[in-house]
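Only one structure is covered here, and it is reproduced in the block below.
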Amino acid sequence: MSASKLNQAATSLLGECLWGRLDAPQRTWLNSQIDELAGNPTETALHIAFGMVPRRLGKADLALRDADLAAAEQAMPGWNPQGWSVADGARVFLLSHVSRTAQNFAPLFRSLCETADVVELIALYRGLPLYANGQALLDQVGEGLRSNMRGVFEAIIHANPYPKLHFDEHRWNHMVLKALFVGSALAPILGLDQRANAELARMLCDFAQERRAAGRPAPFEIWRCVGPFAQGPMLDSLARALASRDATEQSAAALALAASPDPAAAQLLATVPTLQQGISQGRLSWATLHAV
């Protein structure tokens, strides 16, 4: 299914979820805003509608059920609106429609981001996979990635299909590296395994070495992105991780060695037979390690 059909399907589902939480006057108001902004909305009109959403519709939890979340996954693989408020959902729903009808949505989106508070910014960036022509928003998304507000940064990188679909390798790699710098988990990044690459593996090994030199531990998730490309000097980094006193780092190093194409990695893994057996029997995986 094309990206356009995916974000339309996700927008339709979001609308269904909203309609189940809103009363008739609230639905009428939201529809009226969508109609008024159709075609060629002014920046002022969009700012007013966006800002009025919580006042007119409230800030209650969107309260999605398991069936709603399953439908979200089916509509757009990886998209997860769990934890959204009604205001979040309505703002994204509104902007999704505007992105399809406005002659030039990117400047309008940038204008909203420039004046938004933290809560509004999080909603704006959470909605990225539902907006039409998402590639046109890359410059503004880059601004969001540089934010020193962790909630804003994680709205882009966590449970959001947008980076996987639109980031080039350079931006992807620096997103992952920043996540490690600020202490954000890598597991919720969609496409983490599919978008892993040799340059990122090299960068992460350098990062781990810098952390060790500073007397600080390297986050165990580093090795997930290193494993498929680990060979030569990278195996030295994994050998040090395997010798760690930290059981989680040892397990992560073992998983990375199991993914390495280098025959020397198999020899290293054989030195920890308990971990090797756990991997072969399915008791040790990245999923089980993240669940600890």
Side-chain angles (χ1 to χ4, degrees), residues 1-24 26-27 30-31 34 53-54 57-100 119 121-134 137 141 144 151-167 172 175-176 179 184-196 221 224 282-292:
M1 188 180 295
S2 68
S4 176
K5 289 183 178 179
L6 284 172
N7 58 38
Q8 287 183 43
T11 298
S12 295
L13 175 64
L14 180 58
E16 293 173 9
C17 294
L18 280 168
W19 258 231
R21 310 297 185 270
L22 301 178
D23 60 28
Q26 290 172 323
R27 293 194 293 268
L30 185 54
N31 274 329
I34 291 171
V53 165
L57 306 182
K59 303 178 183 178
D61 187 1
L62 194 52
L64 297 177
R65 302 161 298 177
D66 289 344
D68 297 324
L69 296 174
E73 174 65 28
Q74 185 173 3
M76 177 177 285
W79 178 52
N80 184 352
Q82 187 173 26
W84 286 25
S85 69
V86 168
D88 292 335
R91 280 170 163 157
V92 170
F93 186 70
L94 176 70
L95 290 180
S96 179
H97 281 279
V98 172
S99 74
R100 286 169 177 75
V119 172
L121 273 174
I122 288 172
L124 284 164
Y125 287 124
R126 278 177 168 175
L128 284 169
L130 277 67
Y131 308 145
N133 192 19
L137 306 179
V141 174
V152 173
F153 176 69
E154 291 182 345
I156 298 172
I157 72 167
H158 284 173
N160 191 335
Y162 184 92
K164 175 186 175 182
L165 296 172
H166 295 287
F167 283 6
W172 177 270
M175 175 193 75
V176 172
S184 291
L186 299 189
I189 297 176
L190 302 179
L192 185 65
D193 296 322
Q194 298 94 320
R195 293 293 307 270
E221 289 185 291
R224 179 171 179 172
R283 290 182 286 104
L284 176 59
S285 65
W286 289 111
T288 60
L289 196 57
H290 285 298
V292 174

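No experiment lies behind these values; they were computed from the predicted model shown.
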When every non-hydrogen atom of I157 is compared with those of A179, the smallest separation belongs to CD1-CB, 4.0 Å
Verdict with supporting geometry, Q26 and R21, side chain to side chain contact (heavy atoms under 4.5 Å, CB included):
CA-CA 9 Å; Q26 290 172 323; R21 310 297 185 270; over 6 Å; no
Is any side-chain heavy atom of S99 closer than 4.5 Å to a side-chain heavy atom of N133?
no
Is the backbone of N7 close enough, under 3.5 Å, to the side chain of T11 for a donor and an acceptor to pair up by distance?
yes
Are M175 and R195 close enough that some pair of their side-chain heavy atoms sits under 4.5 Å apart?
no
Please confirm whether the backbone N or O of A70 pairs with a side-chain atom of E73, one donor and one acceptor, at under 3.5 Å?
no
What pairs with R65 under salt bridge (Lys or Arg N to Asp or Glu O under 4.0 Å), at least two apart in sequence or on another chain?
D68
Partners of D61 by salt bridge (Lys or Arg N to Asp or Glu O under 4.0 Å), sequence neighbours excluded?
none
Could you check if a side-chain atom of I189 sits within less than 4.5 angstrom of a side-chain atom of H158, using non-hydrogen atoms only?
yes
About how many Å separate OG of S96 and CG of L128, when rounded to the nearest 0.5 Å?
11.5 Å
Residues pairing under salt bridge (Lys or Arg N to Asp or Glu O under 4.0 Å) where one sits in residues 84-97, two or more places apart or in two chains, turn out to be D88-R126, R91-E120
Do P129 and L165 come close enough that some side-chain heavy atom pair is under 4.5 Å?
no
Can you find a pair of side-chain heavy atoms, one from N160 and one from L190, that are under 4.5 Å apart?
no
In short, G78 meets P161 closest at the heavy-atom pair C-CG, 4.2 Å
Could you check whether any side-chain N or O of H290 sits under 3.5 Å from a backbone N or O of P188, counting only pairs where one atom can act as donor and the other as acceptor?
no
Smallest heavy-atom separation, A123 atom then V92 atom, equals O-CG2, 3.4 Å
Gap separating the CZ atom of R224 from the CG atom of L186, nearest 0.5 angstrom
8.5 Å
N/O donor-acceptor pair under 3.5 Å between Y131 side chain and L124 backbone
yes
Which residues pass the side chain to side chain contact (heavy atoms under 4.5 Å, CB included) test with S12, not counting sequence neighbours?
none
Heavy-atom pair with the smallest gap, counting every atom of A90 and L57
CB-CD1, 3.4 Å
Does F153 have any ring-ring contact (aromatic ring centres under 6.0 Å, His included) partners at least two apart in sequence or in another chain, and if so, which?
none
Between I156 and P163 the two heavy atoms that sit nearest each other are O-CG, 3.3 Å
Test item: L13 and W79 side chains (from C-beta on) under 4.5 Å apart, heavy atoms
yes
In this structure, CG of L137 is separated from OH of Y125 (nearest 0.5 Å) by 9.5 Å
Neighbour count above 12 (heavy atom, 6.0 Å) for D66 CG:
no
In terms of heavy-atom contacts, K164 and G191 come closest through CD-CA, 3.8 Å
I'd like to know if the side chain of E154 and the backbone of S184 have a donor-acceptor N/O pair within less than 3.5 Å.
no
Working note: L64 + W84, criterion side chain to side chain contact (heavy atoms under 4.5 Å, CB included); need CA distance, chi angles, decisive distance, verdict.
CA-CA 8 Å; L64 297 177; W84 286 25; 5.7 Å; no
Mind checking ring-ring contact (aromatic ring centres under 6.0 Å, His included) for H97 and listing every partner two or more places apart, or none if nothing turns up?
F93
Mind checking the CG-CH2 spacing from L14 to W19? Nearest 0.5 Å is all I need.
9.5 Å
